[in-house]
Structure formats: structure tokens, C-alpha cells
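To start, the structure itself, in C-alpha cells.
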Protein chains: 2
Amino acid sequence: MNTNPLLKGTLQTIILKLLESKDRMYGYEITQKVKEVSEGGIMLTEGALYPALHKLEADGFLETTVEIVDGRARKYYRLTEHGGKEVTSKLKEAQAFIDQLQNLLNLKPAIK
Amino acid sequence: MNTNPLLKGTLQTIILKLLESKDRMYGYEITQKVKEVSEGGIMLTEGALYPALHKLEADGFLETTVEIVDGRARKYYRLTEHGGKEVTSKLKEAQAFIDQLQNLLNLKPAIK
DNA sequence: TTTATATACATAATTTTGTTATGTATATAA
DNA sequence: TTATATACATAACAAAATTATGTATATAAA
């Protein structure tokens with residue numbers, strides 16, 4: 001699993017958004033969903049994903065339940081109420097950033 | 001000057017793109033242009049900008065000329081030929097990332 | 001006139017946030 | 001029995017920011 005340096009700063013937002021789009025998800029499922037939606041362009045590394053999930057939980061944005069499925073432990077994450085508000089705010093920030101960055105990248109090249 | 005954590009990873013691309021949009025620019029001018037185009041949303045810190053410019057120069061993407069204007073030194077940066085190719089490639093990457101991120105952020109919220 | 005703000009560059013210390021590597025463990029297909 | 005997929009986790013390291021600090025000139029405000 002290798003990632004994109006551009007990912008920096010957006011991982012938490014991606015996680016929160018996915019958990020807004022689906023009631024509950026577990027870590028591995030998140031990596032697969034991101035891979036699917038980005039058509040392979042964004043691959044989350046476990047070294048980034050799990051610490052990020054733990055931090056979001058420690059911050060009170062996510063809560064967890066563990067289940068054994070097919071003999072393997074799965075840790076399901078779900079948004080807390082606090083997390084629900086955070087999604088809204090993070091999405092607004094991320095959307096503004098995307099728009100501003102897009103404006104910069106759309107500047108016309110100098111004629112030379 | 002305070003920045004956006006989302007900036008991470010995109011600074012080099014922004015600099016290269018600006019220098020594609022205008023023949024030559026100096027550091028301070030870059031901070032002002034980014035501020036203007038992003039309507040204040042993206043504020044480059046000097047601690048990030050100058051090291052990034054130095055790195056791009058060391059990598060052969062930019063070349064510099066110093067001029068004294070109004071009693072103050074200005075260091076003008078310009079794309080090298082190598083830098084011109086790098087812009088194209090970085091822009092492609094950044095655009096792909098923006099599109100993929102946008103897809104993720106557009107996922108429909110779960111009904112609950 | 002001295003103070004604050006804007007212009008203009010730079011770097012060091014620190015923090016954040018990734019990558020890479022490694023580890024444990026089960027299920028399944030080759 | 002070997003490789004791949006599933007599933008979690010953490011430690012060592014690196015990249016890339018932030019924050020703080022420094023130098024210096026020009027200009028407007030108090």
C-alpha cells in the first residue's frame with residue numbers, strides 16, 4: 001500500500017465523511033472503499049489509517065464496537081453526535097480548500 | 001500568517017503553477033497572489049514558502065535573479081525548462097487527487 | 001519622532017502527519 | 001505449504017508543515 005503525498009491533512013476528513021455515508025465501517029473496509037471510489041488513486045496505508053482512527057476516537061468523534069466475523073476481529077467505527085458536527089465543519093473547510101486550490105490551478109499560463 | 005492544514009503536499013504544485021502563469025515572481029509576491037486568488041483562504045507562511053522555493057531551485061525546477069527594488073532585495077524565480085515539464089506532471093497529479101477527493105466528499109450521507 | 005505596518009528575505013526548533021517496516025493472526029485459493 | 005486477502009496494531013523514520021525568531025528597508029500614522 002503506497003499513498004499520495006497530497007493526502008496529508010485530508011485523511012481525517014475522508015474518514016469522517018465515509019462514516020457519514022455509512023452507519024458504521026471498520027478499518028479495512030475504509031481502505032477498500034477509498035480505493036474503490038478513487039479508482040485506485042488513493043490508497044490508505046495502515047500506518048496512517050489506524051493511528052488516525054484512534055485519534056478520532058480519543059477526540060470523541062468516533063465510537064467503536066468489536067465483533068468477531070469469520071474468526072477474525074473487526075473493530076467497527078461509528079460517528080458520535082460530536083463527530084456528526086465535526087463532519088459538517090470539516091467538509092466545509094475541505095470544500096473551500098478544494099475550490100481555492102482549483103482556482104489556483106486554473107490560472108492561465110503566461111504566453112511566451 | 002496562518003495556514004490551512006490541508007495545504008500539506010500541494011505547496012510545490014501551487015508555486016510551480018504560479019510560475020507557469022507568470023514569467024517570474026518573487027517570494028512575497030507569491031504569498032500575495034495566493035492570498036488574492038484564494039480570497040484569503042490560503043495564506044502561505046514564510047517558514048514553508050522559502051524552504052520550498054530553495055528546494056525547487058536545488059532540484060533544478062527554478063532559477064533565480066536578484067534585483068534591488070526600492071532599496072530592498074527581491075529574489076525573482078523563473079521556471080527552468082525542466083521545471084516546465086514538472087508543472088505539467090504535478091498539475092496532472094494534483095487534478096487527479098482533487099477529483100478523487102471530490103468524489104469521496106460527494107458520497108451521499110446515510111439515511112438514519 | 002517613534003511606532004506600527006508593509007515589504008522582503010531567511011533559518012532554527014518543533015510539531016504534525018504521513019511512509020516504511022514489522023508484528024500477530026485467521027481464512028482461503030493455488 | 002505457500003501466497004494472497006483479510007484484519008488489527010505499533011515503532012522507527014521522513015517529509016513538510018507551523019511557530020518563533022532574526023535582519024533590514026520604506027512608509028504611514030500617532
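The chains referred to below are lettered A, B, ... by the order of the sequence lines, with proteins before strands, and numbering in each begins at 1. Since we're looking at a predicted model, the values are computed, not measured.
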Could you point out which residue of B/I14, B/T13, B/L101 forms a side chain to side chain contact (heavy atoms under 4.5 Å, CB included) with A/L101? B/I14
Please determine, by modelled atom types, if B/Y76 and B/R78 share a side-chain donor-acceptor pair under 3.5 angstrom. no
Could you state the CG-P distance from A/L53 to D/dC8, rounded to the nearest angstrom? 9 Å
Closer than 4.0 Å, any side-chain N/O of B/Y50 to the OP1 or OP2 of C/dA10? no
Using whole Å, report how far CG of A/D59 lies from C1' of C/dT16. 13 Å
Which nucleotide, D/dT19, C/dA10, D/dC8, lies nearest any side-chain atom of A/K75? D/dC8
Rounded to the Å, how far apart are A/L49 CG and D/dA7 C1'? 11 Å
Side-chain H-bond candidate by donor/acceptor type, A/E86 with A/Q12, under 3.5 Å: no
What's the verdict on salt bridge (Lys or Arg N to Asp or Glu O under 4.0 Å) for A/K22 and A/E29, showing C-alpha distance, side-chain angles and the deciding distance? CA-CA 11 Å; A/K22 189 169 174 184; A/E29 184 184 9; 2.5 Å; yes
For A/G47, report the nucleic acid contact type (base, sugar-phosphate, nothing); a contact means any heavy atom under 4.0 Å. base
Specify the separation, in whole Å, of atom CD of B/Q32 and atom P of C/dT5. 16 Å
What is the distance from CD of B/E46 to C1' of D/dT23, rounded to the nearest Å? 12 Å
Please report, rounded to the nearest Å, how far the C1' atom of D/dC8 is from the CD atom of A/E57. 13 Å
In terms of heavy-atom contacts, A/A52 and A/L11 come closest through CB-CD2, 3.9 Å
Tell me whether B/R24 is salt-bridged to B/E67, with the criterion being a basic N under 4.0 Å from an acidic carboxylate O. yes
Side-chain N or O of B/Y26 closer than 4.0 Å to phosphate OP1/OP2 of C/dC9: no
Separation of C/dC9 atom C1' from B/L44 atom CG, nearest Å, is 15 Å
Can you confirm whether B/Q102 is buried at CD, in the sense that more than 12 heavy atoms of other residues, nucleotides or ligands lie under 6.0 Å from that atom? yes
What nucleotide, of C/dT20, D/dT10, C/dT11, holds the atom closest to the side chain of A/T45? C/dT20
To the nearest angstrom, how far is B/I30 atom CD1 from C/dA8 atom C1'? 12 Å
Using a strict heavy-atom distance below 4.0 Å, which residues from residues 60-74 of chain B are in contact with DNA chain C? B/R72, B/A73, B/R74
Distance check: side-chain N/O of A/H54 vs OP1/OP2 of D/dC8, anything under 4.0 Å? no
Within the 4.5 Å heavy-atom criterion, are B/L107 and A/K17 side-chain neighbours or not? yes
Test salt bridge (Lys or Arg N to Asp or Glu O under 4.0 Å) on B/E36 and B/K33; report intermediate values, then the result. CA-CA 5 Å; B/E36 176 206 323; B/K33 184 67 178 176; 3.8 Å; yes
Return one dot-bracket line describing DNA chain C 5' to 3' (Watson-Crick or G-U wobble pairs, both distances under 3.5 Å; ( ) same strand, [ ] crossing, | another strand, . none). ||||||||||||||||||||||||||||||
